[in-house]
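The structure appears right after this line, and notes come after that.
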Amino acid sequence: MSRFREDPDPRFWRLNRSVDFDRRLAPYDLIQSRAHAAALNRIGVISDEELPELDRALAEILDEVESGRFEFLPADEDVHMAVERRLGDLVGALAGKLHTGRSRNDQVATDIAMAAIAHSKRAVSLIRTTMGELLDLARRHRDWAMPGYTHLQRAQPVYLGHHLLAFFWMLSRDATRFQAAAEAASVMPLGSGALAGVNWEIDRRGVAAELGFKGITPNSLDSTSNRDFILDYLSAASICTTHLSRLGSELVVWSSTEFGFCRIAEPFTSGSSIMPQKQNPDSAELLRAKAPRVIGDMTTLLGVMHALPLAYGKDMQEDKEPFFDAVDTVEASLEMTAGILEGIVFDRERLVDAAGDEMLAATEVADLLVRRGMPFRQAHGIVGGLVRLCVEDGRSLSELTLEEVRLESELLDDEYYEVLRQSSWLESKRSEGGTSSESLSRQIDLASEVLAGLS
Ligand code: ARG
């Protein structure tokens, strides 16, 4: 018997049926159900004889799910109904006792919170591996000079190790954001019922502890209609894939023949179907392209949640596809990034050559004038004049005669030529967080500490 006389229209069922994507919640649903059954047993709703029977059947279903033997039927509306149907096959009417004191609304919120915790932790672990690769590369290339860029125009030289660590710090902030997403998901909704709470004195805190939650939600309405923690995950994932897209972009540019700064290992490149000579950096290009997709996932869920009246609405079933799409994208992207970094080879000569561009020392000359008492703005103009002189007749800054130089400013003398020697431009950046060897070595120590403390 049911309230309904008619079956759902297929045109509705096609959109309503969620098993194609919420099947991924099945393991969490079963673990949750085992804890819920035990809690029902503690308040006498399920007897001591019934509990082992239910628990064995739930364990069997979990095994079927994990081994891929579980069969979803066309009439299963969602993962929760599919599990309940299968439980009925195994234990008969007893299956019906399990839904005491529980609604699919707090059930699904709990499942997805468990998934959010698991995948946030997984992201942190993958980020840790990638940070390890970056730190290792930074150590091995700590004294390789290269041009640093702004506007993708040569700006000032930096050490390659310093440049690589820039990405290390981006990822370390990403790890913090994923940790925060896990934290936000770690209050258990179960026990909130459909929206108002339940009529049974279930030990919510005990169930929470058993399921690995740190606490329980304080308001049943908020609890059953809250998906903030998924938004937190998606936000962390959006920023993380955005960082990876910037790395991908640099690798595309750096591995071009024009730059020739690095070579991506063959297994992470593809050939062309027509041009036999090509080796394309497809992996880096894909890293570049994945961020907007994840941002789209976040925008989708923000759109679903905005203006939604309390409490649960079926709209919220639409949280799963964007979440799992982001999970798959961010996890695959992080794994691939670690792989690319593992096999990447840099070309020291090309880097040093590019860093040897004397124009990169323009700021150094301006600072020399400042040390001699000239305001920086004015010094900037003087050096600009020297650069224009060079550009006009194809000379480098050190090819200008002292006479020509002093025509621009009397404050300049032989030290002008000294400042133009390459290594001094790098080693003079001694400020904390700067590129000089001394600062970089402190930064590497700090990065090792941060990495060691990341769990
Ligand atoms: N499949 C649903 C979802 O993911 C489960 C909750 C259904 N609740 C309801 N009252 N129809 O949101």
Side-chain angles (χ1 to χ4, degrees), residues 2-4 6-33 35-36 58 61 65 70-88 95-96 98-119 185 188-199 211 217 219-231 233-234 297-298 300-328:
S2 108
R3 180 194 195 291
F4 292 92
E6 293 190 65
D7 283 341
D9 189 292
R11 290 166 294 184
F12 159 55
W13 198 244
R14 188 168 147 201
L15 281 177
N16 188 43
R17 188 172 180 269
S18 55
V19 284
D20 288 339
F21 46 86
D22 68 13
R23 61 174 64 202
R24 291 178 70 166
L25 293 178
Y28 304 111
D29 205 63
L30 285 152
I31 294 166
Q32 179 199 143
S33 286
H36 184 61
L58 288 167
I61 301 173
V65 164
F70 188 90
E71 219 191 316
F72 288 95
L73 303 181
D76 293 332
E77 181 186 332
D78 58 21
V79 64
H80 322 290
M81 300 311 282
V83 166
E84 197 174 313
R85 187 236 337 126
R86 179 70 186 130
L87 192 61
L98 186 62
H99 215 51
T100 315
R102 185 172 73 168
S103 152
R104 273 187 295 160
N105 295 354
D106 57 351
Q107 185 177 358
V108 72
T110 303
D111 283 353
I112 196 123
M114 289 167 79
I117 295 170
H119 286 291
M188 188 190 74
L190 196 64
S192 302
L195 75 163
V198 296
N199 297 333
L211 293 178
T217 51
N219 179 303
S220 58
L221 288 166
D222 176 39
S223 173
T224 46
S225 62
N226 171 30
R227 293 296 181 274
D228 291 3
F229 49 88
I230 302 295
L231 288 170
Y233 178 94
L234 292 173
D297 290 329
M298 179 171 73
T300 300
L301 187 57
L302 280 171
V304 166
M305 297 305 292
H306 109 281
L308 206 59
L310 294 182
Y312 178 85
K314 198 58 173 272
D315 315 50
M316 290 166 63
Q317 177 163 285
E318 295 292 307
D319 60 351
K320 290 164 204 70
E321 284 173 292
F323 172 61
F324 283 121
D325 184 69
V327 162
D328 293 340

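Scope of the values below: all heavy atoms of this structure, side chains included, with no hydrogens, waters or symmetry mates. If you read the sequence from its start, that first residue is 1, and numbering goes on from there. Counting starts at 1 for both ligands and their atoms, in listed order.
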Donor-acceptor pair, S192 side chain versus G197 backbone, under 3.5 Å?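 No, because the side chain of S192 does not come within donor-acceptor range (under 3.5 Å) of the backbone of G197.
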Hey, is the main chain of G191 close enough, under 3.5 Å, to the side chain of D106 for a donor-acceptor pair?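 At least one qualifying donor-acceptor pair exists.
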For the CG atom on D7, are there more than 12 heavy atoms of other groups (residues, nucleotides or ligands in this structure) within a distance under 6.0 Å?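 Open.
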Please tabulate, line by line, the atom pairs linking an N/O of ligand 1 to a protein N/O at a distance below 3.5 Å, with the distance in Å to 0.1, or answer 'none'.
unit_1: ligand 1; atom_1: 1 (N); unit_2: D78; atom_2: OD2; d: 2.9
unit_1: ligand 1; atom_1: 1 (N); unit_2: Q317; atom_2: OE1; d: 2.7
unit_1: ligand 1; atom_1: 4 (O); unit_2: K320; atom_2: NZ; d: 2.5
unit_1: ligand 1; atom_1: 8 (N); unit_2: N105; atom_2: OD1; d: 2.9
unit_1: ligand 1; atom_1: 10 (N); unit_2: N105; atom_2: OD1; d: 3.1
unit_1: ligand 1; atom_1: 12 (O); unit_2: Y312; atom_2: OH; d: 2.3

Just to verify, what does D319 make a side chain to side chain contact (heavy atoms under 4.5 Å, CB included) with, not counting sequence neighbours?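 Once residues adjacent in sequence are excluded, the partners of D319 under the side chain to side chain contact (heavy atoms under 4.5 Å, CB included) criterion are I112, R227, L301.
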When rounded to the nearest 0.5 angstrom, what is the spacing between CZ in R104 and CG in D111?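 Between atom CZ of R104 and atom CG of D111 there are 12.0 Å.
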Heavy-atom side-chain proximity of M188 to M114 below 4.5 angstrom: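 Side-chain contact under 4.5 Å: no.
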